[in-house]
Structures are given as structure tokens and as C-alpha cells.
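Start at 1 with the first residue, then count along the sequence.
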Amino acid sequence: MRIFDPHIHMTSRTTDDYEAMYAAGVRAVVEPSFWLGQPRTSPASFLDHFDSLLGWEPFRAAQYGIAHHCTLALNPKEANDPRCVPVLDELPRYLVKDHVVAVGEIGYDSMTPAEDTALAAQLQLAAAHGLPALVHTPHRDKLAGLRRTLDVVRESALPEDHVLIDHLNETTVKEAKDSGCWLGFSVYPDTKMDERRMVGILRAYGPERVLVNSAADWGRSDPLKTRGVADLMLDEGFTEDDVDRVLWRNPVAFYGLSGRLDVEVTAPGATHEGNSVLRGGE
């Protein structure tokens with residue numbers, strides 16, 4: 001079984017997670033840029049994070065046989081902080097990098113005017129750079145957030161079939177599917193979506209344009225939830241081809257819209273800028 005986790009924050013995970021993910025069948029990941037768990041104080045913090053997603057994390061992932069790509073953006077939560085907004089001016093020089101396969105996460109957290117502005121600006125950046133967009137739907141008022149998101153998408157230059165709407169659930173999946181966007185579902189131990197609900201959605205709506213991710217981050221989360229969904233799909237009568245479509249071919253197709261996706265792992269050097277993931281080695 002081959003698995004592509006299309007949304008996972010490996011910056012917050014250990015090398016043990018990479019090892020366990022490989023053993024579970026994960027061979028490729030996309031890591032969206034995101035907040036640090038505490039407020040940033042300047043755009044420079046974003047730039048260091050972006051550099052890490054383009055250098056250190058691909059190096060770490062390759063040590064364990066996993067191809068790593070990223071999406072870059074001003075995230076919705078920090079779009080409300082005037083100290084962070086100037087990073088929008090820096091994004092264009094990063095969006096031309098080879099391993100950047102989308103603009104994201106963008107979207108809504110609290111549905112503020114500042115978030116409206118950041119979302120519209122970054123959809124335009126995606127269109128201008130020929131990239132798809134990964135859109136975060138809010139944790140509260142999800143249906144209202146989805147509708148507001150779709151309004152902004154329709155007003156943008158980016159076509160709906162280049163937009164992945166993430167963190168969907170039973171209340172938002174139908175309208176998201178009807179929009180023509182790709183459908184993203186984050187499977188967590190306690191919140192958002194679990195394996196059985198995910199399989200129920202797949203049974204009701206089919207596997208077309210559906211991406212399943214673990215979104216593993218700083219909080220309670222599990223980077224093996226993608227494998228859990230795959231196993232339950234098989235137990236519930238889905239075919240191996242269905243599993244491969246949802247857990248591999250769909251994310252390859254979406255991020256392949258960037259023209260930059262390469263799921264082959266290049267053997268890394270011994271170190272990255274003088275650093276190794278090893279301890280006690282030379």
C-alpha cells in the first residue's frame with residue numbers, strides 16, 4: 001500500500017514519526033506552512049520557517065524514504081496580526097521554488113476583514129504563479145465559513161478545480177463537492193473527522209477529488225491516521241484501487257497541477273548545512 005499524506009505538519013513531529021509513517025506505507029507528504037504555537041512578531045519568522053520547509057524538512061524526510069513538498073502562505077490565524085501581514089510582499093520570491101506545490105494554508109479562522117483581504121490576495125498569487133491553493137475552513141461556523149470561502153474563490157482568477165477545500169465534514173461536504181473544488185478531510189484522534197465517519201463520507205459521496213490527511217501538528221494528533229482510513233476502507237468493502245485513488249492518486253493529481261510534484265525520493269547527502277538527524281555520528 002502506498003500513501004501520500006497531503007497535509008501534515010512535520011515540523012512538529014519527530015524522526016520516530018517519519019520512521020513509523022514509512023513502515024505504514026507513507027511515501028510522500030505535503031507540509032503546509034503554519035503558525036508556531038505562539039504569535040510571531042515579524043515576517044522574518046515566516047521566512048525562516050519557509051526556508052526550513054524548503055531545506056531541512058525535505059532532508060529529514062528523505063532520510064526515511066519519504067518525498068517532501070510544501071505549500072507556503074500567510075495563514076488565516078496570523079493574517080489578523082499587522083506585524084505578520086508584510087510577509088505577503090515576500091511570498092512571490094518563495095512561490096517560484098521547485099518544491100512549492102501550492103499556496104496554503106489560506107482561508108478563514110475568525111472570518112474577519114483582514115482574513116478576507118489575505119485570502120483574496122493569496123488566491124491571486126496562486127493564479128499568477130500557476131499554482132493550486134490549499135484552503136483552510138474555520139473550526140467554528142464551518143458552513144458559513146465554507147460559503148464565504150467559495151464566494152471569494154469565485155471572485156478570484158483561480159479556477160475552482162485548482163482549489164482544495166480542507167477540514168471538511170458532514171455539514172460542508174455537499175456544497176464543497178457541488179462547487180467543483182477538491183475535497184480535503186483531516187482525520188484526528190478527537191476532533192474534525194475520524195476513520196469511520198470518513199469511510200461513511202466516501203460511501204455517500206464517492207472517492208472523486210477526495211483527499212484524506214492526518215494534519216498532524218503540535219496538539220493531539222496522529223500521523224498514522226491516513227493508514228487507519230485505508231485499512232478501514234478495505235475492511236468496509238472498498239477495493240484496493242479505491243484506496244490507492246484516495247490515498248495516492250488524488251493527491252498526486254491535485255498537487256501535480258503545480259507542474260512541480262516529484263514523488264521519487266532523492267538520496268540525501270550526509271548533512272544539511274552541516275547538520276544531521278543523527279546523534280553521536282561523525
Atom pair NZ/CG of K225 and N213 - distance to nearest 0.5 Å
12.5 Å

Audit row: C70, K97, side chain to side chain contact (heavy atoms under 4.5 Å, CB included) steps and yes/no
CA-CA 10 Å; C70 66; K97 304 289 187 180; over 6 Å; no

Of all heavy-atom pairs between L202 and M233, which one has the smallest distance, and what is that distance?
CD1-SD, 3.7 Å

With rounding to the nearest 0.5 angstrom, report the CD1 to CG distance, I8 to D17.
7.5 Å

Does any pair with a residue in residues 173-184 pass salt bridge (Lys or Arg N to Asp or Glu O under 4.0 Å), and if so which ones, sequence neighbours excluded?
R147-E175, K174-D178

I'd like to know if the side chain of H162 and the backbone of L131 have a donor-acceptor N/O pair within less than 3.5 Å.
no

Can you find a pair of side-chain heavy atoms, one from V87 and one from E78, that are under 4.5 Å apart?
no

Are the side chains of E236 and R196 in touch, meaning some heavy atoms are under 4.5 Å apart?
yes

Please assess T226 against F4 for the test side chain to side chain contact (heavy atoms under 4.5 Å, CB included), listing each intermediate value before the final yes or no.
CA-CA 8 Å; T226 49; F4 187 145; over 6 Å; no

Is there a path of hydrophobic side-chain contacts, each under 4.5 Å between heavy atoms, that joins L95 and V85?
yes

Taking only distance into account, with no hydrogens and no angle test, what donor-acceptor pairs under 3.5 Å do side-chain atoms of residues 45-53 form with protein atoms, sequence neighbours excluded?
unit_1: S45; atom_1: OG; unit_2: R40; atom_2: NE; d: 3.2
unit_1: H49; atom_1: NE2; unit_2: F34; atom_2: N; d: 3.3
unit_1: D51; atom_1: OD1; unit_2: Y94; atom_2: OH; d: 3.0

Contact summary for E105 and P32, nearest pair of heavy atoms:
CG-CB, 3.7 Å

Let's go through V263 and W248 carefully: what are the C-alpha distance in whole Å and the side-chain angles of both, what is the deciding distance for side chain to side chain contact (heavy atoms under 4.5 Å, CB included) to 0.1 Å, and is it a yes or a no?
CA-CA 10 Å; V263 295; W248 185 266; 3.9 Å; yes

Tell me, do H69 and V29 make a side-chain contact under 4.5 Å, heavy atoms counted?
no

State, with a plain yes or no, whether a side-chain heavy atom of T137 is found less than 4.5 Å away from one of T172.
no

What about M111 and V163, same hydrophobic cluster or not, with Ile/Leu/Val/Met/Phe/Trp/Tyr joined at side-chain heavy-atom distances under 4.5 Å?
yes

Checking the side chain of Q122 only, and the main-chain atoms of A118 only, is there a donor and an acceptor separated by less than 3.5 Å?
yes

Salt-bridge contact D241-R249 (side-chain N to carboxylate O under 4.0 Å):
yes

With a distance cut-off below 6.0 Å to the six-membered ring centre and an angular limit of 45° from the axis, does R148 pair with Y108 as a cation-pi contact?
yes

Nearest heavy-atom pair of A230 and V243: which atoms, and what distance?
CB-CG1, 3.7 Å

More than 12 non-hydrogen atoms from neighbouring residues, nucleotides or ligands closer than 6.0 Å to NZ on K142, yes or no?
yes

Do F185 and L224 sit in one hydrophobic cluster, given that two such residues count as connected whenever their side-chain heavy atoms are within less than 4.5 Å of each other, even indirectly?
yes

Heavy atoms, side chains only, cut-off 4.5 Å: are D109 and R140 in contact?
yes

Donor-acceptor check, side chain of S42 to backbone of A44, threshold 3.5 angstrom: yes or no?
yes

Spacing of M1 atom CE and L234 atom CG [to the nearest 0.5 Å]:
5.0 Å

Can you give me the closest heavy-atom contact between A157 and Q124, atom names plus distance?
CB-OE1, 3.8 Å

With S156, which residues qualify under side chain to side chain donor-acceptor pair (under 3.5 Å), at least two apart?
none

With no hydrogens and no angle check, is any side-chain donor or acceptor of S258 less than 3.5 Å from a backbone partner on A102?
no

So CG of L168 and CE of M198: to nearest 0.5 Å the spacing works out to 9.0 Å

Would a distance-only check, ignoring hydrogens and angles, find a side-chain to backbone donor-acceptor pair under 3.5 Å from R2 to D244?
no

Contact between C181 and L150 at the side-chain level, heavy atoms closer than 4.5 Å - yes or no?
yes

Starting from L54, can I reach V103 by hopping between I/L/V/M/F/W/Y residues whose side chains sit under 4.5 Å apart?
yes

Counting distance only, does the side-chain N/O of R245 pair as donor-acceptor with the main-chain N or O of V210 below 3.5 Å?
no

Would you check if the side chain of E31 reaches a backbone N or O of M10 as a donor-acceptor pair within less than 3.5 Å?
yes

With a 4.5 Å limit on heavy-atom distance, are the side chains of H136 and D166 in contact?
no

Before giving the answer on side chain to side chain contact (heavy atoms under 4.5 Å, CB included), spell out for L158 and V153 the whole-Å C-alpha distance, their side-chain angles and the decisive distance to 0.1 Å.
CA-CA 7 Å; L158 194 66; V153 167; 5.9 Å; no

Side chain to side chain donor-acceptor pair (under 3.5 Å) partners of D5, counting only residues at least two apart
S214

Ring center gap for H68 and H99 short of 6.0 angstrom:
no

Closest non-hydrogen atom pair, L261 against Y255
CB-O, 4.1 Å

Y18 and side-chain hydrogen bond (donor to acceptor under 3.5 Å, both in side chains): which partner among R60, E57, Q63?
E57

Ring-face cation contact, Y22 with R27, 6.0 Å cut, 45° max:
yes

What is the distance from atom CD of E115 to atom CG of L74, rounded to the nearest 0.5 Å?
9.5 Å

Atom pair CG (L211) and CD1 (I165), whose distance is rounded to the nearest 0.5 Å:
12.0 Å

Please enumerate all residues that pass side chain to side chain donor-acceptor pair (under 3.5 Å) together with E170, with sequence neighbours excluded.
R197

For the hydrophobic clusters of this structure (ILVMFWY residues joined by side-chain heavy atoms under 4.5 Å, transitively), does one cluster hold both L143 and V135?
yes

Close side-chain approach of F238 to R203, heavy-atom, < 4.5 Å
yes

Of all heavy-atom pairs linking P76 and N80, the shortest is O-ND2, 3.4 Å

Pairs in or reaching into residues 79-95: which pass salt bridge (Lys or Arg N to Asp or Glu O under 4.0 Å), with residues at least two apart or in two chains?
D81-R83, E90-R93

